[in-house]
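Each remark here refers to the structure printed beneath this line.
Here, residue 1 is the first one in the sequence, and each next residue gets the next number.
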Amino acid sequence: MSEVVGNQVDVSKLTFEQLKKIRAYLKKLIENGGSDLHVKANGVIRARINGKIVPFSGSIYTREEAMTLAKEILRSRFAEFVDNKEVDLVYQFDERNRFRVNIFFQTDGPSFVFRVIPMEIPTFEKMGFPEVIRSFTNEGRGLVLVTGATGSGKSTTLAAMVHEINLNQHKHIITIEDPIEFVHKDKKCIINQRSVGQDTLSFDRALRAALREDPDIILVGEMRDRETVELALHAADTGHLVFSTLHTIDAKETINRIIAMFPTDEQNRVRLSLAGVLKGIISQRLIPTVDDKRVAAMEVLVKTPMIEKLINENRDYEVRDAIEKGREHYKSQSFDQHILELYNSGIITKEKAKDYATSAADLELKMSGLNNSISSDLNTKPKPKDTSGTMDEDIFDLK
């Protein structure tokens with residue numbers, strides 16, 4: 001008798017042999033400090049360790065085995081997978097380890113990606129964050145964004161910020177996530193965590209409801225669409241502190257992406273709104289280290305009067321320079337400034353520094369000290385005595 005009737009799984013007919021086999025690979029992944037396990041129908045099982053994909057099995061995992069694994073993991077949700085062609089869930093491996101799982105159909109059948117979710121909530125001290133990031137947790141209202149590519153550690157940074165608030169402030173925090181990764185226990189705060197699909201139907205629906213649930217802080221797992229962005233801006237403008245993420249590479253692109261989500265005739269309004277509520281943008285890139293691990297390089301934008309002015313006036317191309325110039329006073333930093341620090345500290349190689357820099361050519365000048373030498377010469381060289389406002393005098397005034 002078949003274990004599937006009309007896409008509904010008869011759990012009593014399953015042996016869970018495939019799940020047992022995959023659990024052995026998950027254990028191996030954990031022991032090797034890996035981040036992701038890839039199981040593909042008609043492919044070998046692979047893992048991502050220190051950012052690199054490596055083979056974990058020598059044999060092909062068949063389509064039939066993959067379909068059975070999907071039934072064993074999903075059980076009553078198998079019909080949802082067949083209908084929607086992809087599904088997200090969290091798999092509890094044991095008391096210390098959980099995985100975020102995405103299952104999707106591809107040409108040869110189902111594929112699975114298991115991503116490790118650390119059970120231990122990260123702290124600021126352990127992560128070694130720049131101190132300026134702590135200041136964002138003390139804001140009473142506004143918008144703070146964490147950005148970067150998939151797998152760059154955005155969720156970890158957000159979890160550390162929520163944990164910092166939970167330990168030190170008396171607040172009501174609502175998180176809206178898909179799925180929930182780090183599980184927070186109430187300390188000084190009340191923390192209500194809602195999983196899209198399980199506890200709410202969508203980000204925008206939950207965000208709209210959150211405004212009626214007396215929150216101080218709202219965490220939106222991802223600003224995926226225009227409606228969610230609009231609601232997040234509104235929540236920040238009405239006295240809430242909002243944390244969220246975007247898949248953007250740096251602060252300048254983050255500003256552009258948010259504004260580009262809206263029709264042309266609305267973009268000026270959105271610019272004004274974003275410039276008013278934005279408190280900071282933390283962008284992350286994971287860089288391989290000399291000891292074959294990875295370190296997070298961070299660009300940190302702190303909203304200043306100049307940054308607000310640049311956003312309002314559509315001068316986003318000047319944002320990186322403003323970030324770098326604000327380092328001493330506002331503790332902001334560009335990627336290249338942080339990457340240069342990591343290189344000078346011997347944490348990353350020159351090649352990796354250049355690979356991950358925003359401007360490899362500029363960074364190489366700074367590495368050689370030539371850039372500082374040029375700046376010093378410009379600042380100390382006597383100006384021409386001509387007082388007629390010549391072009392030469394104007395050039396020497398540029399810094």
Side-chain angles (χ1 to χ4, degrees), residues 30 35 88-101 114-129 131 133-148 151-203 205-207 209-224 228 231-232 235-236 239-246 279-280 282 284 296 298:
I30 294 165
S35 60
D88 288 300
L89 67 147
V90 172
Y91 177 68
Q92 186 81 38
F93 181 79
D94 57 26
E95 290 184 358
R96 296 180 58 83
N97 297 282
R98 298 161 69 238
F99 292 87
R100 185 180 72 197
V101 188
F114 294 80
R115 166 155 292 179
V116 173
I117 303 173
M119 292 292 282
E120 182 182 353
I121 304 293
T123 65
F124 273 45
E125 290 71 25
K126 184 174 181 179
M127 299 304 295
F129 289 151
E131 190 62 25
I133 295 179
R134 193 188 304 272
S135 69
F136 295 142
T137 67
N138 294 317
E139 294 286 353
R141 56 183 286 182
L143 178 66
V144 177
L145 298 171
V146 181
T147 82
S152 60
K154 297 186 296 295
S155 297
T156 303
T157 297
L158 283 176
M161 295 173 81
V162 169
H163 185 59
E164 177 73 10
I165 296 168
N166 194 20
L167 291 176
N168 296 292
Q169 302 180 42
H170 298 273
K171 303 284 187 179
H172 177 205
I173 303 172
I174 295 177
T175 78
I176 308 162
E177 304 168 76
D178 183 19
I180 292 170
E181 296 189 18
F182 293 90
V183 177
H184 297 271
K185 302 296 183 185
D186 293 359
K187 302 290 185 183
K188 291 185 176 180
C189 293
I190 304 170
I191 304 181
N192 284 301
Q193 295 184 259
R194 307 191 68 194
S195 177
V196 175
Q198 177 179 311
D199 305 313
T200 182
L201 297 179
S202 65
F203 278 111
R205 186 186 181 100
L207 185 49
L211 297 176
R212 303 189 296 272
E213 293 160 357
D214 188 35
D216 298 291
I217 298 161
I218 305 171
L219 184 152
V220 184
E222 185 180 346
M223 297 206 298
R224 295 179 176 175
T228 303
L231 287 166
H240 306 89
L241 180 57
V242 179
F243 295 113
S244 193
T245 72
L246 280 170
K279 295 298 182 181
I282 305 161
Q284 303 182 178
M298 289 184 161

Gln169 side chain vs Thr137 backbone, donor-acceptor pair below 3.5 Å:
yes
Can you check side-chain contact (heavy atoms from CB on, under 4.5 Å) on Glu164 and Asn168, steps first, answer last?
CA-CA 6 Å; Glu164 177 73 10; Asn168 296 292; 3.4 Å; yes
Is there a side-chain contact between Arg100 and Asp88 (heavy atoms, below 4.5 Å)?
no
Evaluation steps, side-chain contact (heavy atoms from CB on, under 4.5 Å), between Phe99 and Ile117
CA-CA 5 Å; Phe99 292 87; Ile117 303 173; 5.7 Å; no
So, for Phe182 and Pro122, which heavy atoms are closest and what is the spacing to 0.1 Å?
CE2-CD, 3.7 Å
Do you know the tightest heavy-atom contact between Ala236 and Val242?
N-CG2, 3.8 Å
Does any non-hydrogen side-chain atom of Val220 lie less than 4.5 Å from one of Leu207?
yes
Are Arg98 and Glu181 within salt-bridge range, i.e. N to O under 4.0 Å?
no
For Arg96 and Glu120, what are the C-alpha separation, side-chain angles and deciding distance, and is it a side-chain contact (heavy atoms from CB on, under 4.5 Å)?
CA-CA 8 Å; Arg96 296 180 58 83; Glu120 182 182 353; over 6 Å; no
Within the distance-only criterion (no hydrogens, no angle test), does the side chain of Lys279 pair as donor or acceptor with the backbone N or O of Phe136 below 3.5 angstrom?
no
Is the side chain of Asp216 donor-acceptor paired with the backbone N or O of Lys171 at a distance under 3.5 Å, no angle test?
no
Heavy-atom check, side chain of Val183 versus side chain of Met119, under 4.5 Å
no
If only atom types and distance count, is the side chain of Asn166 paired as donor or acceptor with the main-chain N or O of Lys185 below 3.5 Å?
yes
Under the 3.5 angstrom rule, does the side chain of Gln284 hit a backbone N or O of Gly153 as a donor-acceptor pair?
yes
Sub-4.5 Å side-chain heavy-atom contact between Ile121 and His184:
yes
Leu167 and His163, any side-chain heavy atoms less than 4.5 Å apart:
yes
Would one find more than 12 heavy atoms of other residues, nucleotides or ligands at under 6.0 Å from atom CZ of Arg224?
yes
Count the heavy atoms belonging to other residues, nucleotides or ligands that lie under 6.0 Å from CD of Glu95, then report whether that count exceeds 12.
no
Without swapping roles, check the side chain of His240 against the backbone of Ala235 for a donor-acceptor pair under 3.5 Å.
yes
Checking Asn97 side chain against Phe93 main chain: does a donor-acceptor pair fall under 3.5 Å?
no
Please walk me through it: do Glu222 and Ser244 pass side-chain hydrogen bond (donor to acceptor under 3.5 Å, both in side chains)?
CA-CA 6 Å; Glu222 185 180 346; Ser244 193; over 6 Å; no
Taking the side chain from Thr245 and the backbone from Gly221, do they hold a donor-acceptor pair closer than 3.5 Å?
yes
Run Val196 and Leu201 through side-chain contact (heavy atoms from CB on, under 4.5 Å) and show every step you take.
CA-CA 6 Å; Val196 175; Leu201 297 179; over 6 Å; no
Counting only heavy atoms not in Glu125, do more than 12 fall under 6.0 Å of its CD?
yes
Check: Ile176 and Leu219 side chains under 4.5 Å, non-hydrogen atoms:
no
What residue pairs, at least two apart or across chains, pass side chain to side chain donor-acceptor pair (under 3.5 Å) with a residue in residues 192-203?
His172-Asn192, Glu177-Gln193, Ser202-Asp204
Find the distance between CD1 (Ile218) and OG1 (Thr175) and round it off to the nearest 0.5 Å.
11.0 Å
Do Ile217 and Phe243 have side-chain heavy atoms sitting under 4.5 Å apart?
yes
If every non-hydrogen atom of Ile180 is compared with every non-hydrogen atom of Val90, which pair is closest and at what distance?
O-CG2, 3.4 Å
Can you confirm whether Ile133 sits close enough to Phe124 that some side-chain heavy atom of one is under 4.5 Å from a side-chain heavy atom of the other?
yes
